[in-house]
Amino acid sequence: MKFLRNVSTVPVPEVYLVHPASEDEPVNFIVMQHMPGTILLNSFGLLDTKGKERCVLSFADICLQLFDFEVPQKIGGTLPGEADDLTVVPLISYAEANYTCERVFCHEVFSSLEDYVNFLFANKRQWIDRQAISDHDKTRHHNILSMLQSRASSAMRSISSPSLRRCVLCHDDMNNQNILIQSDGRISAVIDWELHLLQPAILVASSPPWLVYDGPSSSEFAWEGIIWLDSPVEGARLDSVFEEVRDDYIFQSYGLTDVFITVRAIQEWRLLRSFGKGKELRDIVAWLNDVYPATMERLCRWLDFRYGA
């Protein structure tokens, strides 16, 4: 967060104190600024049409700023170094299953898209093996995963351009409770950066997550506890607003005058968004990170729908 405050206009809290665990206080904690606004989950549905569009464009501004940073070309988490440099470290992620939270540690930094995606597949296979299901079901689930891995390998072979594979900074948990908005729809804060990471740009160029109706978030294959913040029709319309970002003018027309992005970032972002195999790979990675109830059964139905598997 200190890094972002120094090099961007991304609205993040100021950090006042970082307290590492010690013998006297065995819990890590930080003290940070209280940010204005209300969480997106409670507020997005109250916005008018213009406010929703402003919210989506405010989100696009944040994505493009993160996309435009010069960062180390490795895949992993980061620690701030000197002079606003970033040191890449093994990532930490969470896997939620049956309303419990399981921390997943990685012991290496990855050098390529293939290494990272293969790690996600290996992690998913370990998750299957830990489930309290029969050996027959475990074998069936591994076979389903093998079909998915074949599709992922095919998609990655088509992703050859360095601009699609370069590493960019992203918030890996940009859910509707980690975004605060003002009454006019403008994003006033993005919080909970613990799960940020550097990853290939082709995996980052996704739609606003609270409007996604694809992959494990599609209405046919999502788990019953998912919450969408708008209808599929309105979500698609707002996604088209997000898609139309071509220059600064659209931000200014919504009163977003403090954007901090470059033409290069917009051009490369549009290339990533238009690359069909990138969308396919993002859906596959979303399934690898989905461990909500009946995930493998839902994945099997999605594979059959998508590929006729």
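These numbers were taken from a predicted model, which means no experiment stands behind them. All values below were derived from every heavy atom in this structure, side-chain atoms included, with hydrogens, water molecules and symmetry-related copies excluded.
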field: Partner residues of H19 under the ring-ring contact (aromatic ring centres under 6.0 Å, His included) criterion, sequence neighbours left out
entry: F29
task: Take the angle between the ring planes of F110 and Y116 and call it parallel below 30°, perpendicular above 60°, tilted in between.
output: tilted
field: Apart from V212 itself, residues in the same hydrophobic cluster as defined by side-chain heavy atoms under 4.5 Å
entry: none
- request: State which residues pass ring-ring contact (aromatic ring centres under 6.0 Å, His included) with Y213; sequence neighbours excluded, sorted by chain then number.
  value: W228
statement: Sorted by chain and residue number, the side-chain hydrogen bond (donor to acceptor under 3.5 Å, both in side chains) partners of N178 (sequence neighbours excluded) come out as D173
- prompt: Parallel, tilted or perpendicular: which describes the rings of W210 and F59, with under 30° parallel and over 60° perpendicular?
  reply: perpendicular
task: Output the distance between atom SG (C55) and atom CD1 (I179), rounded to the nearest 0.5 Å.
output: 7.0 Å
message: Rounded at 0.5 Å granularity, tell me how far CD1 in I202 sits from CE in M156.
response: 12.0 Å
field: Pair listing, salt bridge (charged side-chain N to carboxylate O under 4.0 Å, His left out) test, anchored in residues 37-46, at least two apart
entry: none
query: Is the side chain of T295 donor-acceptor paired with the backbone N or O of Y292 at a distance under 3.5 Å, no angle test?
result: no
message: Restricting to side-chain hydrogen bond (donor to acceptor under 3.5 Å, both in side chains), what partner residues turn up for S153, sequence neighbours left out?
response: none
task: Provide the full list of salt bridge (charged side-chain N to carboxylate O under 4.0 Å, His left out) pairs with a residue in residues 107-117, sequence neighbours left out, each pair given once.
output: E114-R165
- request: Would you please name every residue forming a side chain to side chain contact (heavy atoms under 4.5 Å, CB included) with K74, sequence neighbours left out?
  value: V88, V109, S111
query: Taking the side chain from R54 and the backbone from D184, do they hold a donor-acceptor pair closer than 3.5 Å?
result: yes
message: Through direct or indirect side-chain contacts below 4.5 angstrom among Ile, Leu, Val, Met, Phe, Trp and Tyr, which residues connect to I133?
response: none
message: Tell me every residue that passes salt bridge (charged side-chain N to carboxylate O under 4.0 Å, His left out) with R140, counting only those two or more places apart in sequence or in another chain.
response: D137, E297
- line: Minimal heavy-atom distance between P293 and R298, with the atoms involved, is O-NE, 3.1 Å
field: T139: side-chain hydrogen bond (donor to acceptor under 3.5 Å, both in side chains) partners, not counting sequence neighbours
entry: none
statement: Going by chain and number, the hydrophobic cluster around I191 (ILVMFWY, side chain to side chain under 4.5 Å) further includes none
statement: Taking every heavy atom of I62 against every heavy atom of P11, the minimum-distance pair comes out as CD1-CD, 4.0 Å
